[in-house]
Amino acid sequence: MSQARPFPAAPPAGASNAGQDAWFFCLRILGGRYAFEASLVTEVVRLGPLTRLPAAPSFLPGVFTHRGEVLPVLDIGQMVGQGAIAIRASTRAAVVHCGPWKVAVISDGLEGLVVIPRRNLEASPAESTGMAEFLSGVARDKNGTIAVLDLPRLVEAARSRAVPFGSGGT
Amino acid sequence: MTEPVSELLMFQVGARVFASTVRDVVRIGNVAAAGSDGLIEGTSLGPTFARERGIVVAAPEGGVESTLVVDQVLGVRSVPESEIQPLPAFAAAVIRSGAVSGLVLFDEAPTLIVDLPTLVRERLAAALASPSPA
């Protein structure tokens, strides 16, 4: 039987009408609409040529440079076992800060900021597989349903699930 | 005052170009002329195509030298040390190799700097862990 997870009560930083509206950054991944707290996003960039890293997990397709800074790319689809996001010349990435980690999240398309009245937020079913494991809620706007991701938890899970250097692997 | 520079050996494995510090390299050799003993192939850098060149890497503590098989040796570039960057923290935390010591940007493209002794050590350890069938 599914149980509901409570949606985070605190409004995101920078939210207007705090307590009434929640601001999210919305993107499309493998046919679904997903969003995460907008305050995590520092900028949206066009993906440059990727440099693949040896012995990298599938969710880290490579690194690229943006204004002289080297950024790691995070493929959320691969992280949750739903398949790789196609990388094209037009692919853009959302650069996010999640605690100590700075990563560029790729997607099939970026919608950008969406403002959701908090009354339209619902708790997500507590499932433990795939993307559902990292959902913190479900929202609805005029374009349909948005699954809200707990991105810091997802990034931390990616880090902890990777076999670290010295613990095995090649 | 002159900025410190690093001498980087540029080499190619498959379609990809890598760099390593010159001080890790004993000499450049011809793979065909070398015996099969001590040849290092199938590393995490990826598969080779032409297998034309070998980078001889010193063994730590007086051990046997190893020859890393590569496709081409492209030359040596001097790079100001200020232009060498560490791996991004997230990447460093998740890759299963310690053989990438940093990055340098050439024409805006990140080129990996490979710690050759570590690369060889990891390959030898992997071979010991999963020996190929006789």
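The sequence lines fix the lettering, A, B, ..., with proteins before strands; numbering per chain opens at 1.
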* Asked: If you group Ile, Leu, Val, Met, Phe, Trp and Tyr by side-chain heavy-atom gaps below 4.5 Å, do B:V26 and B:L9 land in one group?
  -> no
The interface call for A:V155 against chain B, heavy-atom contacts under 4.5 Å, is both
Under 4.5 Å to a heavy atom of chain A? For B:L87 that would be side chain
Discussion item. Count I, L, V, M, F, W, Y as connected when their side-chain heavy atoms are under 4.5 Å apart, and connections chain through other members. Are B:F11 and B:I84 then in the same cluster?
Written reply: no
**Asked** Is B:N30 atom CG crowded by more than 12 heavy atoms from other residues, nucleotides or ligands, each under 6.0 Å away?
**Response** yes
CG (A:L71) and CZ (B:F90) are apart, to the nearest 0.5 Å, by 12.5 Å
If one checks every heavy atom of A:V103 against chain B at 4.5 Å, the contacting part turns out to be side chain
### Task
Answer yes if B:V73 and B:V76 sit in the same cluster of Ile, Leu, Val, Met, Phe, Trp and Tyr residues linked by side chain heavy atoms under 4.5 Å apart, and no otherwise.
yes
Turns out that what part of A:F59 lies under 4.5 Å from chain B's heavy atoms comes down to side chain
Please determine whether residues B:L116 and B:V17 belong to a single hydrophobic cluster, defined as Ile, Leu, Val, Met, Phe, Trp and Tyr linked transitively by side-chain heavy-atom distances below 4.5 Å.
no
- Message: I'd like to check B:R96 versus A:P57 (side-chain heavy atoms, cut-off strictly below 4.5 Å). Are they in contact?
- Response: yes
In short, B:Q85 meets A:V70 closest at the heavy-atom pair OE1-CG2, 3.4 Å
Bottom line for A:L60: the part with an atom under 4.5 Å from chain B's heavy atoms is side chain
So CZ of A:R52 and CG of B:L45: to nearest 0.5 Å the spacing works out to 11.0 Å
* Asked: Does the side chain of A:P54 come within less than 4.5 Å of B:T43's, by heavy atoms?
  -> no
- ILVMFWY cluster, A:L110 and A:L154 together (side-chain gap under 4.5 Å): yes
Interatomic distance, OG1@A:T51 vs CG@B:L105, rounded to 0.5 Å, equals 9.0 Å
So CD of B:E108 and NE2 of A:H66: to nearest 0.5 Å the spacing works out to 10.5 Å
